[in-house]
Amino acid sequence: MIDHEGANRGVVPTEEAMDIALDAGLDLVEIQPNANPPVCKILDYGRYKYQAQKKAAEARKKQKTVEIKEIKMRPNIDTHDYDVKMKSMQRFFSDGDKVKVTLRFRGREMAHQDLGMNLLNKVREETSEIAKVESSPKLEGRQMVMVLAPLK
């Protein structure tokens with residue numbers, strides 16, 4: 001048992017520990033129930049719960065949620081448009097987000113899926129230093145999709 005001042009009292013019978021806690025006006029809390037013998041501490045349980053809740057909220061505040069950003073392209077994209085999309089992709093990777101590259105085919109472009117595959121392979125090669133391919137390019141209806149994740 002550990003008393004309210006933090007001093008280790010050693011092995012104490014339960015009734016005696018309850019009396020000590022009652023005299024101090026605090027609660028007897030079982031800290032490690034699986035230990036042999038179980039470890040108990042005398043403390044204010046309401047304050048203990050409050051501080052545990054604050055610690056959990058602080059941990060939630062610090063964690064980063066990974067978002068999936070989407071970049072949409074067409075198979076016959078112009079070089080400047082492609083460069084603009086690549087810059088925004090690099091910005092997403094630096095923020096720690098995943099990027100879903102969607103290549104939409106319209107009309108007769110479906111006959112030239114090799115152009116779309118070449119474009120996605122070009123994207124893969126240009127981002128190889130900063131990102132890894134999480135799901136390789138696959139055709140879903142009229143669009144080809146590839147997911148990239150940052151290397152961090």
Side-chain angles (χ1 to χ4, degrees), residues 1-75 77 79-105 116-152:
M1 181 186 88
I2 301 168
D3 65 6
H4 58 281
E5 293 156 0
N8 189 349
R9 290 268 187 107
V11 179
V12 178
T14 308
E15 292 79 23
E16 186 181 332
M18 293 289 281
D19 291 338
I20 296 170
L22 198 62
D23 291 342
L26 299 172
D27 303 308
L28 182 67
V29 180
E30 195 173 34
I31 302 294
Q32 288 183 326
N34 297 335
N36 192 11
V39 178
C40 295
K41 189 172 185 178
I42 296 176
L43 48 85
D44 183 4
Y45 187 65
R47 180 182 171 141
Y48 173 75
K49 275 180 51 176
Y50 173 74
Q51 290 189 333
Q53 187 180 16
K54 292 261 296 186
K55 196 179 289 185
E58 190 70 29
R60 270 196 311 274
K61 191 182 344 178
K62 288 183 181 175
Q63 77 183 28
K64 165 89 170 82
T65 58
V66 176
E67 293 182 37
I68 297 181
K69 303 287 187 169
E70 187 173 20
I71 298 284
K72 293 184 179 180
M73 294 185 186
R74 297 277 313 280
I77 190 169
T79 54
H80 181 265
D81 296 332
Y82 176 79
D83 293 339
V84 169
K85 303 262 186 196
M86 290 304 289
K87 276 186 185 164
S88 57
M89 238 187 270
Q90 290 172 344
R91 190 180 72 242
F92 294 150
F93 289 135
S94 66
D95 291 344
D97 296 326
K98 294 180 181 181
V99 176
K100 177 181 179 181
V101 183
T102 305
L103 197 67
R104 175 154 290 154
F105 294 101
M117 190 59 87
N118 292 342
L119 182 64
L120 288 179
N121 286 334
K122 182 179 173 187
V123 169
R124 177 192 299 169
E125 290 168 16
E126 288 189 19
T127 60
S128 63
E129 304 93 47
I130 56 173
K132 64 179 182 281
V133 177
E134 199 166 83
S135 87
S136 55
K138 59 180 169 271
L139 195 66
E140 296 176 355
R142 289 198 157 269
Q143 56 190 23
M144 202 173 277
V145 178
M146 176 173 69
V147 178
L148 300 167
L151 283 177
K152 291 179 189 176

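Everything quoted here is computed from the prediction, not taken from an experiment.
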J.: Tell me if a side-chain donor or acceptor on Lys138 pairs with a main-chain N or O of Val145 at a distance below 3.5 Å.
T.: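 Checking the backbone N and O of Val145 against the side chain of Lys138, no donor-acceptor pair under 3.5 Å is found.
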J.: Which value, rounded to the nearest 0.5 Å, describes the distance between Leu103 atom CG and Gln143 atom CD?
T.: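 Nearest 0.5 Å value for the CG-CD distance: 9.0 Å.
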J.: Would you please say whether a donor-acceptor pair under 3.5 Å links the side chains of Glu70 and Thr102?
T.: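 On atom types as modelled, these side chains qualify, holding a pair under 3.5 Å.
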J.: Could you check if a side-chain atom of Met73 sits within less than 4.5 angstrom of a side-chain atom of Tyr82, using non-hydrogen atoms only?
T.: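 A side-chain contact exists here, since the closest heavy-atom pair is under 4.5 Å.
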J.: Can you tell me how far the NZ atom of Lys69 sits from the CG atom of Leu148, to the nearest 0.5 Å?
T.: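 If I round to the nearest 0.5 Å, the distance is 15.0 Å.
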J.: Run the side-chain donor-acceptor check on residues 28-53: report pairs under 3.5 Å with partners two or more places apart or on a different chain.
T.:
{"from": "Asp44", "atom 1": "OD1", "to": "Gly46", "atom 2": "N", "distance (Å)": "3.4"}

J.: What heavy-atom pair brings Ile71 and Ser88 nearest, and what distance separates the two atoms?
T.: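 That closest heavy-atom pairing would be CD1-OG, 3.5 Å.
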J.: From Asp83 CG over to Met89 CE, what is the distance, rounded to the nearest 0.5 angstrom?
T.: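 Going from CG on Asp83 over to CE on Met89, the span is 11.0 Å.
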J.: If I take atom CD1 from residue Ile77 and atom NZ from residue Lys85, how far apart are they, to the nearest 0.5 angstrom?
T.: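 It comes to 5.5 Å.
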J.: Is the closest side-chain heavy-atom distance between Asp81 and Arg74 below 4.5 Å?
T.: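 Result no, sub-4.5 Å side-chain heavy-atom pair not found.
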J.: Report, one line per pair, each donor and acceptor closer than 3.5 Å where one atom sits in a side chain of residues 6-26; sequence neighbours left out.
T.:
{"from": "Asn8", "atom 1": "OD1", "to": "Gly10", "atom 2": "N", "distance (Å)": "2.9"}
{"from": "Arg9", "atom 1": "NE", "to": "Asp3", "atom 2": "OD2", "distance (Å)": "3.4"}

J.: Is there a side-chain contact between Pro137 and Arg124 (heavy atoms, below 4.5 Å)?
T.: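 Sidechains of Arg124 and Pro137: in contact.
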J.: Tell me which pairs pass side-chain hydrogen bond (donor to acceptor under 3.5 Å, both in side chains) where either residue lies in residues 127-137, with sequence neighbours left out.
T.: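 Qualifying pairs: Lys98-Glu134.
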J.: Taking all heavy atoms of Ala131 and all of Phe93, pick out the closest pair and write down the distance.
T.: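 Minimum heavy-atom contact is CB-CZ, 3.5 Å.
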J.: Could you measure the distance from the NZ atom of Lys55 to the CD atom of Glu58? Nearest 0.5 Å is fine.
T.: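 Output value for this atom pair is 11.0 Å.
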J.: Just how far is it from atom CE of Met117 to atom CE of Met144, taken to the nearest 0.5 Å?
T.: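 If we round to the nearest 0.5 Å, Met117:CE and Met144:CE are 4.5 Å apart.
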